[in-house]
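Below, chain A is the first sequence line, B the second, and so on; all start at residue 1. Every heavy atom of this structure was used, including side-chain atoms; hydrogens, water molecules and symmetry mates were not.
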Amino acid sequence: MFSEVASSSPLLRNLNPEQLAAVTLPNTHALILAGAGSGKTRVLTTRIAWLLQTGQVSPGGILAVTFTNKAAKEMMVRLSSMLPVNVRGMWIGTFHGLCNRFLRAHYKLANLPSTFQILDTQDQLSAIKRLCKQFNIDDERFPPKQLMWFIAGCKEDGQRAKDVVVRDEETRKKAEIYALYEEQCQREGVVDFGELMLRSYELLRDNAPVREHYQRRFRHILIDEFQDTNKLQYAWIKMLAGQGDAAAAGTHAMPGGSVVAVGDDDQSIYAFRGARVGNMADFVREFDVQQQIKLERNYRSFGNILDSANELISHNSKRLGKNLRTEAGPGEPVRVFEATSDFAEAQWFVDEVRQLVRDGTERKEIALLYRSNAQSRVMETALFNNAIPYRVYGGLRFFERAEIKHALAYLRLMDNPHDDTSFMRIVNFPPRGIGMRSIEQLQDVARAAGCSLHDAVSAVSGKAGTNLGAFVAKLDVLREQTPGLSLREIIELVLQHSGLEEHYKLDKEGQDRLENLGELVNAAESFVSLEGFGRDAVALPIDELGVALRQSPASQGLDPSAPLGNELLPELLAPNQETGETLSPLAAFLTHAALESGDNQAQAGQDAVQLMTVHSSKGLEFDCVFISGLEDGIFPHENSLSDAGGIEEERRLMYVAITRARKRLYLTHSQTRMLHGQTRYNLKSRFFDELPEAALKWITPKNRGFAQAYGGNSGTWGASNSGAGGARGDWAAAAFASRKPVGETFANPVVPPQRNAPAHGLKTGMEVFHAKFGEGRVMMLEGSGDDARAQINFTRHGVKWLALSVAKLTVV
DNA sequence: GTCTATCAGAGGGTC
DNA sequence: TCTGATAGAC
């Protein structure tokens, strides 16, 4: 039926049969299992374009959900390059962005103030800390962080405080705190990320007209990275698709649209934050999905890399089953390198990068992946010392910086004086002589009166002096001055009169912060509407280059080459569907700041080596990938070793890491590693045993020169950092001799000069076997004769000191 | 009220 | 080793 379109539309050129089938699926529920590098984003965007082009749906009937702003943006950029369409009319965005849009439109029904503001994770934590203090909650028994996880976890499961199943005293107390937290947020007019989702869901669930309106509207619902959805997000989708509880209860047949879910169970790496891979199977069952398409053809990596990924992931038990294949040929073998220390690993990495660059590889095509952020340090030092440009992903993002948060807090109080979190952040910043005592007093008054801190000031200032009064008066004056001012003017006004600017000017280390505040003004400036807010205006944030994007209303939807702005804002700024109100530029900007924490990639675009955790590498690809620190306890991470689910998630993580590489993949591990200020002795990762030997090539020391170059005691760093003193050198070399043979590479092992070899014949670094504790590695030796003791790091039982006269050890 | 010292804790992190 | 949070000293 669509074959004519299929053959004639340029959209569908160059799609493989599976991709084509996915793109041109009829209007029905479907699950697309999209392997890494199989063209998932392309399929999603092409399907939307195809639906529009063939007239099956208007832009308003599309709902496309992603997890990150980046993915949403990419989808829109690609879409607009495919056909001239007003992407603004479509609901394309992140779960939270779309929920925000929804709640802004129906804030009254959702029982929120029109100016409700969004708490990010930092704000949420400080709100909880404040709550705990106020109610004298023992923070030893209930650490605020843990409470935050509890509350977020409840919301992810769709549970309000009253829904929490109380089995013990601790849970009862936590649920109680959760209830108090809910009250506090409601009173202050703020919502956290979980609340955006939960409140949207509840409004859909409880309000039939609203629910039916959206069910009728969204004919096509597309979900990206479906394996990462949590319980609540899935329930939200069900509700919008007319498959929710209310529909099941069945008043009428619900007229919901079709859901196309795209995901890869093998890339599910976010269980720790509530993701439920099980949603994929539930979806198939509950939506009675008849159409399942597997995209297994990989366009990214060579054969050896894919073989490694396939073989590794085949060790997982619960899989939907999928194998990547390529027509690109085997390519180079996967290179494996064993270093003696983390320093040596870093030095070797640097040398290898140099060689790659000499051979013509761009630095930005080289990625170093690690399991946890702490591992980046030693690598950064090496890169820095060797003057190799690099860029680290992660860390503080623009809108999370302290000075930016401070400025935003002032701005938020302009819109919503009852936002106590913001109030607390800046009540004494810059310092204005308001200390703990006055604040505590103020909090008491506020609690007694059931009002915000702002409103409590007038009651207190009479007796507590004028500092607080002056502060609030200043806020109020600023607020009175803002009407009629542009967003830029408001921010500049606030920066000056809050004293922030002055404060950082006087601070000798405040220069960077001052510059960031300047950037905030720029960001606002670029964000601002060009032709008057609220009517037919379009507000646009800055694009990646920081250049203001301009788009006149006339060009909307007509010019596919027109630059794209933010997906969430235009509709935010349109008049409210119920009241006709519009969001102020300031409120819109604050929303933008909360939902998009901004870039943390300062030097984007530079040709630099890319450093990041495996988690943040998801969705990216590079010509050359180094996966470092492949040691048991590091990767897989030690916290995951105890349960089977944990190790399977680690394996998926490794799978993600491997499949980032296009041409060349390196796997490295080190015998010793500095962690928490101590030298740790790690066995190589168990994942090595799950990779196909035929695809691997073990790179190893060929001569003494190598050992010296990468041994612990050479070079300017390493020796000075050696906590174990001379042991490091011994260890390093001894280890080479004791490794199990891995091909010709160890044919010529480096044998270290031994100092006074003891009678028991053990050396540090040897692998030994103990009848009870199993395999382990000698870390340290002490004493002699009957007093001789050895510290052994056992794979399964951790580090133990054993008396050699008693313990039965055999050398492996 | 602010500054400095000491101590605990340290996985992954979007919105 | 390093960071952040808090307690006690100025």
Side-chain angles (χ1 to χ4, degrees), chain A residues 65-72 93-101 118-126 129 133 139-140 143-145 149 152 155-156 191-197 200 224-225 228-230 232-233 268-275 342 369-378 381 393-397 399-400 402 428-439 465 467 568 591-598 600 612-619 629 633-641 646 649-650 652-654 656-657 673-680 721 723:
Chain A
V65 198
T66 63
F67 272 84
T68 63
N69 286 303
K70 197 177 155 201
T94 62
F95 277 102
H96 295 88
L98 296 172
C99 284
N100 175 59
R101 182 191 279 199
I118 301 166
L119 297 184
D120 66 15
T121 316
Q122 284 178 40
D123 299 330
Q124 195 187 359
L125 186 62
S126 60
K129 282 182 180 165
K133 263 210 180 113
D139 57 0
E140 299 262 300
K145 265 223 179 89
W149 280 94
K155 291 189 180 183
E156 277 157 8
V191 297
D192 59 38
F193 288 128
E195 189 69 26
L196 281 173
M197 277 305 314
S200 302
D224 193 15
E225 306 278 14
D228 288 338
T229 51
N230 62 36
L232 178 59
Q233 285 159 341
S268 159
I269 56 174
Y270 285 111
F272 71 92
R273 66 176 195 216
D342 47 348
L369 310 186
Y370 35 81
R371 176 63 180 81
S372 57
N373 283 308
Q375 288 167 249
S376 77
R377 189 176 209 91
V378 67
T381 313
Y393 281 61
L396 265 196
R397 286 159 334 153
F399 287 113
E400 292 169 352
N428 197 33
F429 194 94
R432 50 173 69 86
I434 300 171
M436 281 308 295
R437 282 185 80 108
S438 0
I439 291 170
N467 281 349
L568 308 173
T591 294
H592 167 69
L595 287 175
E596 280 201 57
S597 343
N600 46 16
M612 67 193 82
T613 62
V614 180
H615 279 96
S616 47
S617 76
K618 191 168 164 214
I634 303 287
F635 196 177
H637 194 275
E638 54 191 347
N639 295 3
S640 72
L641 294 178
E649 178 143 322
E650 294 289 307
R652 290 193 293 270
L653 198 48
M654 180 71 184
V656 167
R673 182 173 299 278
M674 286 289 257
L675 198 67
H676 307 328
Q678 278 189 320
T679 305
R680 296 226 324 204
N721 282 287

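- At a cut-off of 3.5 angstrom, the base of B:dC15 holds no donor-acceptor pair with the side chain of A:Ser597.
- For A:Tyr393 and A:His615, the ring centers sit 6.0 Å or farther from each other.
- The base of B:dG11 lies close enough to the side chain of A:Arg371 for a donor and an acceptor atom to sit less than 3.5 Å apart.
- Summarising the geometry, the separation between NZ on A:Lys133 and P on C:dA5 is reported as 11 Å, rounded to the nearest angstrom.
- With DNA chain B read from its 5' end, the first of the two nearest nucleotides for A:Asn428 and A:Ala594 is the one closest to A:Asn428.
- As a whole-Å value, the separation of A:Leu119 CG from B:dT14 P is 18 Å.
- A sub-4.0 Å separation between OP1 or OP2 of B:dG1 and a side-chain N or O of A:Asn467 is absent.
- Minimum heavy-atom separation, A:Ser617 to A:Val656: OG-CG1, 4.3 Å.
- Closest to the side chain of A:Phe67, from the set B:dT2, B:dG12, B:dT14, is B:dT14.
- In this structure, OH on A:Tyr370 lies 14.0 Å from CD1 on A:Ile634, to the nearest 0.5 angstrom.
- Dashed line: the shortest gap from a side-chain N or O of A:Arg397 to OP1 or OP2 of B:dC15 is under 4.0 Å.
- By the 5.5 Å and 30° criteria, A:His676 is stacked with the base of B:dA10.
- Taking atom CD of A:Gln124 as the reference point, atom C1' of B:dT14 lies 14 Å away to the nearest angstrom.
- Residue-to-nucleotide proximity on DNA chain B shows that, of A:His637 and A:Arg432, the 5′-proximal contact is made by A:Arg432.
- Between A:Asn69 and B:dC15 there is a side-chain N or O to OP1 or OP2 distance below 4.0 Å.
- Closest approach to the A:Arg377 side chain among C:dC2, C:dA5, B:dC15 is made by C:dC2 (side chain taken as heavy atoms from C-beta onward).
- A:Ile118 approaches A:Ala594 most closely through the heavy-atom pair CB-CB, 3.7 Å.
- Distances shown here put a side-chain N or O of A:Asn373 below 4.0 Å from the OP1 or OP2 atom of B:dG13.
- When all heavy atoms are compared, the tightest approach of A:Ala657 to A:Val614 is CB-CG1, 3.6 Å.
- Between A:Glu596 atom CD and B:dT14 atom C1' there is a gap of 11 Å when expressed in whole angstrom units.
- Between the base of B:dG11 and the side chain of A:Glu650 there is a donor-acceptor pair shorter than 3.5 Å.
- Rounded to whole angstrom, the span from the CZ atom of A:Phe193 across to the C1' atom of B:dC15 amounts to 4 Å.
- One C1' atom belongs to B:dG11, the other to C:dT6, and the distance between them is 25 Å to the nearest Å.
- When rounded to the nearest whole Å, the span between CD of A:Glu140 and P of C:dA5 equals 16 Å.
- Under the side-chain contact (heavy atoms from CB on, under 4.5 Å) rule, A:Cys99 has a single partner from A:Met197, A:Glu195, A:Gln233, which is A:Met197.
- Atoms CG (A:Asn100) and P (B:dT14) sit 18 Å apart, rounded to a whole Å.
- Distance CZ (A:Arg101) to P (B:dC15): 16 Å, rounded to an integer number of Å.
- Residue A:Thr613 places at least one side-chain N or O closer than 4.0 Å to OP1 or OP2 of B:dG13.
- For the pair A:Thr68 and B:dG13, the criterion of a side-chain N or O lying under 4.0 Å from OP1 or OP2 is not met.
- In this structure, A:Phe272 forms an aromatic stack with the base of B:dG12, since both conditions hold: centre separation below 5.5 Å and plane angle below 30°.
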